[in-house]
Colleague: 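Below is a structure I'd like to ask you about.
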Amino acid sequence: TPIGLPTQRKLFRVASGLYVGRLLAIVQTAPGELQYCFANYPYSAWSTMTSIVSDAEDKSFDAIMQDNGDIFITYIEATTKNVVFRKMTLTNGIWSIGSKSTVYNSSTSMSPSIGRDNSGKLWISWTVDLTGTQTIHVKSSTDGGVTWGSGPTDSGDSLSGGSTTAWSRLIVTDNELFVVYTDAGTSLSIKSQQLTGSPWSSAYQLSTGSGLDQHFDLALSDDGRLGVVWDEGSLYFREYNGLKWSGAVTIDSNAGDWPQLMYSQNIPIILFQSLFGSGQTKLKFTTRQSGSFSTPIVLDHRSDVFDSVLLYSSSNSSYEDLTASASSNTSADLFHTGTSSLLKNVGDNLYLGMTSRFRYVKLLLATTGTGGVVSYSYFDGSVWKAFMPSGGAYQFDLTEKGLLLWDDNNSIATDWQQSTLNGLRRFWIRITVDNAFSTAPIGTQITAIADLKSMIVRR
């Protein structure tokens, strides 16, 4: 899991000072290795990767940035499973890595979450695992992370009773520390503590059910409201206004992996991953712009179902529109009625079209092809221009294929132009049969939806 838990903070923008606006990304580039890179406006190029540490567990880490660009980062040490902390100080455009301090070292630890209050006090919540029994703990540091609590053996405050699984996130307001956590996969709860040092509140259950795990997030609005989003088969949202909690609002009746919440001008925005089909995950978002949450829509149209899918049969010189069939998961419904095949004879064409340039194709076949050879081309404004996809020339000989046309959106051919086919003006990719198939392929589904595993939103 190179980016750890996606809901932990890994993407930042410097808020003030000489390097205001600079973007920073922290990722795990190899087992044990956390590195960072950065980009300045207009963000067209990123720096080379620079090492932060080489002793991190290959799972989970969290970080926060101060307005001047300094970073506080916490992670789990690979060999010891201790919770550790470092400060990254931005000086003369470079982040220098401070000494490591140990937050807790007496039991196996997991999944830290870090925050900082207005006084400069740092807080970390994390999971302690005692031979399969997991509990949520919280500690603080008043000296910038040099020491935590009364020392590394101090386990801090325990918030949960112990169960098979437990995950937490914390957030700090002007006056209060909140920790949201799951327990045994059956409850999502929250506890709080006044920053003046009052006892922890009783647990308030936001939800009870099943399948409650690490797929939740929380965020704070500028006007002091606390929002929580979570997945338990459906995606839900609740909000605390300082006095009471709202009821649960259903965001999507389908599951939503790695939901991430942010507020923009006090309006909640939720991004999440929605499984579409085999090896296909849509990145969706919704906002409460109009007083209630909008129907979730795809964030990037270039990673969606195709606007148009056409099949052209050379034997009878006819087009057939298979757009609806291409987006469905009905088996073996993608074929030209003239040949009963997706592609068959020399000169047959499969056209994939969108109103925007795209870089990826996902293909699911009910029948794989044998003996055929196809070529790929796009229209450059004058002619169809042959190219080799970055993922190689797929010959429709695999049941499932995720085909990279170009490595990323910046690599897409700049001379690719729209053209009109069968009355439809699109950016088309043409796949042409050059050698006939002895066994012709029949399709089930073709989209531009990638197999997205996880993502991080800068908040």
Side-chain angles (χ1 to χ4, degrees), residues 1-11 25-28 58-62 111 113 165 167 169 180 182 185 188 206-207 209-219 227-238 248-264 268-288 293-306 327-329 354 356 358-364 400-404 408-409 445-459:
T1 50
I3 58 176
L5 297 182
T7 46
Q8 295 169 324
R9 273 65 173 175
K10 319 289 175 61
L11 292 173
I26 303 176
V27 296
Q28 187 148 22
D58 187 21
K59 283 188 179 178
S60 187
F61 62 98
D62 195 18
S111 307
S113 176
T165 61
W167 307 84
R169 316 259 195 279
V180 176
T182 63
L188 179 71
L206 295 165
S207 182
S210 60
L212 287 157
D213 52 19
Q214 67 268 44
H215 295 278
F216 69 94
D217 194 27
L218 63 160
V228 181
V229 60
W230 73 94
D231 172 72
E232 55 174 308
S234 296
L235 196 62
Y236 298 98
F237 172 83
R238 293 187 70 176
V249 176
T250 302
I251 300 300
D252 197 319
S253 57
N254 295 317
D257 282 354
W258 303 124
Q260 288 168 62
L261 173 66
M262 61 183 292
Y263 282 88
S264 177
I269 303 169
I270 300 170
L271 294 95
F272 61 97
Q273 294 176 207
S274 178
L275 181 65
F276 181 75
S278 178
Q280 300 165 81
T281 305
K282 290 186 177 184
L283 181 55
K284 290 186 173 182
F285 79 101
T286 177
T287 74
R288 202 173 60 190
F293 281 100
S294 58
T295 300
I297 61 173
V298 174
L299 179 66
D300 187 352
H301 175 64
R302 296 168 297 184
S303 183
D304 200 354
V305 297
F306 282 105
S327 64
S328 80
N329 61 2
M354 279 193 168
S356 302
F358 55 95
R359 58 177 283 263
Y360 181 82
V361 181
K362 180 71 177 185
L363 301 105
L364 301 176
E400 184 170 341
K401 177 66 176 179
L403 179 62
L404 268 180
D408 55 42
N409 290 324
Q445 192 172 56
I446 303 177
T447 74
I449 304 170
D451 187 9
L452 183 65
K453 298 298 186 185
S454 58
M455 87 300 185
I456 291 177
V457 177
R458 183 182 60 78
R459 293 164 288 164

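Numbers for residues simply follow the sequence, beginning at 1. Note that this is a predicted model, so its numbers are computed, not measured.
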Colleague: Taking the ring centre of each residue, are Trp230 and His215 less than 6.0 Å apart?
Modeller: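 No, they do not, as the ring centres are separated by 6.0 Å or more.
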Colleague: To the nearest 0.5 Å, what is the distance between CG (Asp408) and CG (Leu404)?
Modeller: 9.0 Å
Colleague: Where is the tightest heavy-atom contact between Gln260 and Pro6, given as atom of each residue plus distance?
Modeller: OE1-O, 3.4 Å
Colleague: Can you give me the closest heavy-atom contact between Phe272 and Pro296, atom names plus distance?
Modeller: CZ-CB, 3.7 Å
Colleague: Please report the interatomic distance CG(Leu5) to OG1(Thr7), rounded to the nearest 0.5 Å.
Modeller: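 One gets 5.0 Å once the value is rounded to the nearest 0.5 Å.
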Colleague: List the atom of Thr182, the atom of Phe216, and the distance in Å for their closest heavy-atom pair.
Modeller: CG2-CE2, 3.7 Å
Colleague: Are Gln280 and Leu364 packed together at the side-chain level, in the sense that at least one heavy-atom pair is separated by less than 4.5 angstrom?
Modeller: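 Yes - at least one pair of side-chain heavy atoms lies under 4.5 Å apart.
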Colleague: Measuring from atom OG of Ser60 to atom CD of Gln28, what distance do you get when rounded to the nearest 0.5 angstrom?
Modeller: 9.5 Å
Colleague: So, the side chain of Asp231 versus the backbone of Asp257: is there a donor-acceptor pair under 3.5 Å, distance only?
Modeller: no
Colleague: Is it true that a side-chain atom of Asp217 and a backbone atom of Leu261 form a donor plus acceptor pair closer than 3.5 Å?
Modeller: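 Here the side-chain-to-backbone pair exists.
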Colleague: If you measure from NZ on Lys282 to CD on Gln273, what distance do you get to the nearest 0.5 Å?
Modeller: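 Answer for the NZ-CD pair, Lys282 versus Gln273, is 14.0 Å.
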Colleague: Flag the pair Leu212 / Glu232 as yes when at least one side-chain heavy-atom distance between them is below 4.5 Å, and no otherwise.
Modeller: yes
Colleague: Can Phe285 and Ile270 be said to form a side-chain contact (heavy atoms from CB on, under 4.5 Å), step by step?
Modeller: CA-CA 5 Å; Phe285 79 101; Ile270 300 170; over 6 Å; no
Colleague: Taking all heavy atoms of Asp62 and all of Ser113, pick out the closest pair and write down the distance.
Modeller: OD2-CA, 3.2 Å
Colleague: Taking all heavy atoms of His301 and all of Ser356, pick out the closest pair and write down the distance.
Modeller: CD2-OG, 4.1 Å
Colleague: Between the main-chain N or O of Ala219 and the side-chain N or O of Arg169, is there a donor-acceptor pair closer than 3.5 Å?
Modeller: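 Flag not set: sc Arg169 to bb Ala219 has no pair under 3.5 Å.
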Colleague: Can you list the steps and then say if Ser303 with Leu283 is a side-chain contact (heavy atoms from CB on, under 4.5 Å)?
Modeller: CA-CA 8 Å; Ser303 183; Leu283 181 55; over 6 Å; no
Colleague: Is it the case that Ser234 and Ser253 place a side-chain donor and acceptor less than 3.5 Å from each other?
Modeller: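 There is no such pair (donor and acceptor under 3.5 Å, judged by atom type) between the side chains of Ser234 and Ser253.
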Colleague: Could you pull out the closest heavy-atom pair between Thr281 and Leu452, with the gap in Å?
Modeller: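 Smallest heavy-atom distance, with atoms named: OG1-O, 3.4 Å.
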Colleague: To the closest 0.5 Å, what do you measure between CG (Leu271) and NZ (Lys284)?
Modeller: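 That separation rounds to 12.5 Å.
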Colleague: Using 30° and 60° as the class limits, which term best fits the ring planes of Phe237 and Phe293: parallel, tilted or perpendicular?
Modeller: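 Taking Phe293 first and then Phe237, their aromatic rings stand perpendicular (interplane angle over 60°).
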Colleague: For the residue pair Ser111 and Gln214, establish whether any side-chain heavy-atom pair is separated by less than 4.5 Å.
Modeller: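 When only atoms from C-beta onward are counted, Gln214 and Ser111 do not touch, as no gap falls below 4.5 Å.
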Colleague: Check whether any side-chain N or O of Thr286 sits under 3.5 Å from a backbone N or O of Ser294 as a donor-acceptor pair, and report yes or no.
Modeller: yes
Colleague: With distance as the sole test, does Thr447 use its side chain to make a donor-acceptor pair with the main-chain N or O of Val305 at under 3.5 Å?
Modeller: no
Colleague: Is there a donor-acceptor pair under 3.5 Å between the side chain of Asp213 and the backbone N or O of Gly185?
Modeller: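 Answer holds: no.
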Colleague: Does Tyr236 reach the side chain of Leu206, with side-chain heavy atoms less than 4.5 Å apart?
Modeller: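 Result no, sub-4.5 Å side-chain heavy-atom pair not found.
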Colleague: Can you find a pair of side-chain heavy atoms, one from Val298 and one from Ile449, that are under 4.5 Å apart?
Modeller: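 Answer no - side chains too far apart.
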Colleague: Working note: Asn254 + Leu275, criterion side-chain contact (heavy atoms from CB on, under 4.5 Å); need CA distance, chi angles, decisive distance, verdict.
Modeller: CA-CA 8 Å; Asn254 295 317; Leu275 181 65; over 6 Å; no
Colleague: Let me confirm one number: the CE-CZ distance from Met354 to Arg302, rounded to the nearest 0.5 Å.
Modeller: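 That separation rounds to 10.0 Å.
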Colleague: Carefully, step by step, assess Val457 and Ile269 under the rule side-chain contact (heavy atoms from CB on, under 4.5 Å).
Modeller: CA-CA 11 Å; Val457 177; Ile269 303 169; over 6 Å; no
Colleague: Counting only N and O atoms by type, is there a donor-acceptor contact under 3.5 Å from the side chain of Gln8 to the main-chain atoms of Phe61?
Modeller: yes
Colleague: Taking the side chain as every heavy atom from C-beta outward, state whether Gln445 and Phe276 have any pair of such atoms under 4.5 Å apart.
Modeller: yes
